[in-house]
Protein chains: 2
Amino acid sequence: MQDEDEVCREVLQIVSLVGDKWSLPVLGQLRGGRRRFGELQRAVPGISQRMLTVTVRKLERDGLVSRHVHASVPPQVAYELTGIGRSLLVATLGLGEWAAEHRVAIAAHRHRFDAN
Amino acid sequence: MQDEDEVCREVLQIVSLVGDKWSLPVLGQLRGGRRRFGELQRAVPGISQRMLTVTVRKLERDGLVSRHVHASVPPQVAYELTGIGRSLLVATLGLGEWAAEHRVAIAAHRHRFDAN
DNA sequence: CGGCATCCGGACCGATACTG
DNA sequence: CAGTATCGGTCCGGATGCCG
């Protein structure tokens, strides 16, 4: 099959969509519904203000989340999963199952390898 | 659900397994069976000798591929998918379908976003 | 042929300070 | 509250050259 590597390239593009350090945690938090900026920062442990800004901006650019501004004092900005974003989360669940199944074996193999 | 972010963390670990630039293309090439080092480098367009070495080393460490050395002159080293590696490839196929389905929409959305 | 060592540019990421 | 701007550290990846 010569379209095997094409599939790999497509998967790579998806990985580049959410493969950075914070995209998946943020998307996971949004799974529970619309969240405000500060809520997200508190819910995702360890993320800096800057990285949250960068991450949601990128996710919005790719159409995975939508941004809703309510002009008031103080200003309120909320983020929400789009249909595409939700479907992507669902697609990653398959990988989650794989992870739960093989994580231990991988860790063990890595440990054995490092013993040399 | 508080195990949602745990799933995200697990997926993140998988992504870190094959989320780099070359792991997926190399794994994809190995899908056809055992391949020698030079074959891999010729089959994966654009990869440097160094990055192929680094990539197969990492994949071997994680137990996704196995390394077979045939001591001879000139030396022959071949790589092969393990069971875990093959199952991981299968798991990524779901993402491949998602990619084929939504890639165009994402590109369009990104283009619209950049127009501002 | 297969692999390692070294150098280097750029991307990613965090901390901090400042703004509407 | 929700950003923006700047600086600095770290790591990935490419180029080159050498070794068994």
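Below, chain A is the first sequence line, B the second, and so on; all start at residue 1.
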In whole angstroms, how far is the [atom2] atom of [N] from the [atom1] atom of [X]?
X       : N      : atom1 : atom2 : value
B:Gln76 : C:dG3  : CD    : P     : 12 Å
B:Leu52 : D:dC12 : CG    : C1'   : 16 Å
A:His70 : D:dC1  : NE2   : C1'   : 13 Å
B:Tyr79 : C:dC1  : OH    : P     : 15 Å
B:Gln49 : D:dC18 : CD    : P     : 14 Å
B:Gln41 : D:dG14 : CD    : C1'   : 13 Å
B:Met51 : C:dC8  : CE    : P     : 19 Å
B:Leu12 : C:dC12 : CG    : P     : 16 Å

Side-chain heavy-atom pair A:Val77, A:Arg67 within 4.5 angstrom cut-off: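 The answer is yes; the side chains approach within 4.5 Å.
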Close side-chain approach of B:Pro25 to A:Arg9, heavy-atom, < 4.5 Å: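 Sidechains of A:Arg9 and B:Pro25: no contact.
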Phosphate-side-chain proximity, B:Arg67 and C:dG3, N/O vs OP1/OP2 below 4.0 Å: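 For C:dG3, OP1/OP2 do have a side-chain N/O of B:Arg67 under 4.0 Å.
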Same apolar cluster (I L V M F W Y, side chains within < 4.5 Å links), A:Val104/A:Leu95: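 As far as the 4.5 Å side-chain criterion goes, A:Leu95 and A:Val104 are not connected within one cluster.
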Joint cluster assignment, B:Leu93 & B:Val18, ILVMFWY side-chain distance < 4.5 Å: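 Result: yes, single cluster for both.
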base_contact_polar (D:dG13 base, B:Arg50 side chain, donor-acceptor, <3.5 Å):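 For B:Arg50, whose side chain was compared with the base of D:dG13, there is a donor-acceptor pair (under 3.5 Å).
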As a test of reading the structure: which of [options] is closest to the side chain of [X], going by heavy atoms?
X       : options               : value
B:Arg57 : D:dA2, C:dG3, C:dC1   : C:dG3
A:Asp20 : D:dG14, C:dC13, D:dA2 : C:dC13
A:Ser48 : C:dC1, D:dG3, C:dA15  : C:dA15
A:Phe37 : C:dC13, C:dG3, D:dA2  : D:dA2
B:Trp22 : D:dG13, C:dA17, C:dG3 : D:dG13
A:Arg36 : D:dC1, C:dG14, D:dG3  : D:dC1

Upstream residue (5' side of DNA chain D) when A:Glu39 and B:Gly19 are each assigned their closest nucleotide: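 Nearest-nucleotide comparison on DNA chain D picks A:Glu39.
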Residue that, paired with B:Lys58, satisfies side chain to side chain contact (heavy atoms under 4.5 Å, CB included) out of B:Thr55, B:Val56, B:Asp62: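 For B:Lys58, the side chain to side chain contact (heavy atoms under 4.5 Å, CB included) check succeeds only for B:Asp62.
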